[in-house]
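Everything on this sheet refers to the single structure shown next.
Whatever order the structure lists ligands and atoms in, that order sets their numbers, starting from 1. Just so you know, residue 1 is the first one in the sequence shown, and it goes up from there.
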Amino acid sequence: MGRAFFDSDADLSLLAGHTVGILGYGNQGRSQALNLRDSGVSVIVGNQRDASFDHAVADGFDVFELGDIAKHADVLALLIPDEAMPGIFRELVAPHLQDNAVLIFASGYNLYYEAISPPPTVDVVMVAPRMIGTGVRETYQRGEGFPSLLSVEQDHSGRALDMALAYAKGIGSTRAGVFLSSAEEETVCDLLNEHIGYVYELRRAYEVLTEAGYSPEAALLEFYVSGEEMELARAHAYMGLFHQLTLHSQTSQYGQLVVGKASSEHDQAEKQRLRGLVENIRSGRFAKDWATEQQAGLPTFRRAQRDGLSHPMIAEEGKLFTVLKRRQGDAEFGS
Ligand code: NDP
């Protein structure tokens with residue numbers, strides 16, 4: 001196992017005398033800014049002038065336009081979407097970067113694909129939470145924190161690792177554990193998880209059950225609408241993937257372990273598919289295709305969104321949410 005860091009390995013006082021600038025007040029930005037402030041760190045926020053800007057003001061932060069933040073902060077966390085980051089960095093951040101600043105990335109994407117080339121006069125580190133933004137805040141408030149992957153991509157000052165650890169402590173991550181990694185490793189693991197196709201796997205199962213005459217609500221409750229998956233995810237995380245099977249009946253365990261096991265042929269074929277996905281990511285082909293898609297105005301992406309949302313399963317899902325008195329996109333995952 002690679003090196004792991006905890007609270008006792010990190011010195012928050014290294015951030016004293018520095019101002020942390022959070023660029024982007026979205027999923028990660030808001031939670032990380034609030035956690036840092038609660039940890040006693042001096043934090044300012046940069047965002048385009050819109051509702052998120054106003055939200056940061058309402059939360060009590062000094063908020064600047066994106067183009068001004070690098071003038072006022074010497075530790076900069078780039079918490080804007082990866083696809084928007086290169087342009088914003090080039091035009092609004094790089095011209096104002098202070099010498100000896102620390103640049104913090106929450107994902108390895110633009111570092112691995114070299115879409116951003118910071119000047120040699122700054123430290124460049126990655127502190128990549130393995131947690132969605134709402135979880136970053138909630139686990140901090142519960143005193144648990146959340147794991148992250150960390151890497152030092154450029155060590156101008158000779159203390160880039162210590163600064164990255166101080167930041168990780170400020171957002172609450174060293175409470176849970178911060179693992180030494182690399183931009184490449186973070187990118188490949190993160191993208192593979194997204195490319196495996198879980199949503200289509202569930203949709204296929206829904207289609208097959210409803211084709212066979214079973215009710216949409218029974219299928220949807222079984223696969224995800226009940227919320228049982230949330231409990232299972234906790235069991236996976238805290239007991240282990242195979243150890244948690246003891247929470248299920250023996251019939252269930254037999255089904256999962258024996259019936260659900262792929263034949264060796266299918267296992268090999270599926271591994272081959274996954275190797276292809278990994279190669280697609282590592283070679284940069286995925287990033288190139290995604291960039292081309294964005295330049296073309298997102299036609300394939302929008303088509304897939306329409307296909308996903310117009311599937312009969314979604315209408316059934318909506319009806320079920322109504323019966324269950326759930327508000328779609330409820331606060332827990334939205335605001
Ligand atoms: P969001 O999609 O939540 O966006 C963050 C902010 O960027 C918002 O404040 C948004 O402003 C602003 N923004 C979006 N587009 C533009 C643009 N074109 N110009 C200027 N500002 C823009 O990002 P995330 O928090 O999800 O991601 C931030 C980073 O964290 C990424 O590197 C991501 O890979 C990483 N990360 C994300 C995780 C997650 O769970 N979301 C988990 C781990 C890492 P506005 O609201 O005003 O539009």
*Considering only NZ, NE, NH1 and NH2 on the basic side and carboxylate oxygens on the acidic side, decide whether R204 and E201 come within less than 4.0 Å.*
yes
*Does the N or O separation between R130 and ligand 1 drop below 3.5 Å for any pair?*
no
*Judged by modelled atom types alone, do S182 and E184 share a side-chain donor-acceptor pair under 3.5 Å?*
no
*Would you call R303 and D307 a salt bridge, taking side-chain N to carboxylate O under 4.0 Å as the test?*
no
*asked:* Could you tell me, atom by atom, which parts of ligand 1 come under 4.0 Å of a heavy atom of I132?
replied: 40 (O)
*asked:* Cation-pi check for Y140 against R175: NZ or CZ below 6.0 Å from the six-membered ring centre and within 45 degrees of the axis, yes or no?
replied: yes
*Cut-off 3.5 Å, side chains only: do Q256 and S252 have a donor facing an acceptor?*
yes
_I'd like the name of whichever of Q32, H55, Q28 reaches closest to atom 38 (C) of ligand 1 through any heavy atom._
Q28
*Where is the nearest protein heavy atom to atom 29 (C) of ligand 1: which residue, which atom, and how far?*
I80 O, 3.8 Å
*What is the closest protein heavy atom to atom 46 (O) of ligand 1, and at what distance does it sit?*
S52 OG, 2.5 Å
*Hey, are Y112 and E186 close enough side-chain-wise for a donor-acceptor pair under 3.5 Å?*
no
*Between M85 and ligand 1, which part of the residue brings a heavy atom under 4.0 Å of the ligand: side chain, backbone, both or neither?*
side chain
*Proximal ligand 1 atoms for M131, defined as those under 4.0 Å from one of its heavy atoms*: 40 (O), 42 (C)
*Shortest heavy-atom approach to atom 4 (O) of ligand 1 - which of G24, A56, P81, A77*: P81
*asked:* Run V125 and V152 through side chain to side chain contact (heavy atoms under 4.5 Å, CB included) and show every step you take.
replied: CA-CA 4 Å; V125 300; V152 173; 4.3 Å; yes
*Does at least one non-hydrogen atom of R30 fall below 4.0 angstrom from an atom of ligand 1?*
no
*When you look for heavy atoms under 4.0 Å from ligand 1, do you find them on the side chain of D50, its backbone, both, or neither?*
side chain
_Non-hydrogen atom of A128 closer than 4.0 Å to ligand 1_ = no
*Just jot down the ligand 1 atoms closer than 4.0 angstrom to any heavy atom of G26, in number order.*
3 (O), 5 (C), 6 (C), 8 (C), 9 (O)
_Protein heavy-atom partner closest to atom 3 (O) of ligand 1 - residue, atom, separation in Å_ = N27 N, 2.9 Å
*In terms of atom number and element, which parts of ligand 1 are under 4.0 angstrom from non-hydrogen atoms of P129?*
43 (C)
*Just going by heavy-atom distances, which of L79, D82, I22 is nearest to atom 28 (C) of ligand 1?*
L79
_Q48 and ligand 1 - part of the residue with a heavy-atom distance under 4.0 Å_ = side chain
*Nearest heavy atom to atom 17 (C) of ligand 1: which of L66, I88, V45 does it belong to?*
I88
*Answer side chain, backbone, both or neither: which part of A84 comes under 4.0 Å from ligand 1, heavy atoms only.*
side chain
_From CD (E194) to CG (L277), nearest 0.5 Å_ = 12.0 Å
*How close does the nearest protein non-hydrogen atom get to atom 35 (C) of ligand 1, and which residue and atom is it?*
A106 CB, 3.8 Å
*Write out the residue and atom name of the closest protein heavy atom to atom 9 (O) of ligand 1, then the distance separating them to 0.1 Å.*
N47 OD1, 2.8 Å
_Hydrophobic cluster identity match, I281 and I196, side-chain contacts under 4.5 Å_ = yes
*Distance from T19 atom OG1 to H72 atom NE2, nearest 0.5 Å?*
10.0 Å
*Distance in Å, D99 CG paired with S157 OG, rounded so as to fall on 0.5 Å steps*: 12.5 Å
_Y224 vs E317, side chain to side chain contact (heavy atoms under 4.5 Å, CB included): CA-CA, chis, key distance, verdict_ = CA-CA 10 Å; Y224 60 96; E317 196 187 74; 2.6 Å; yes
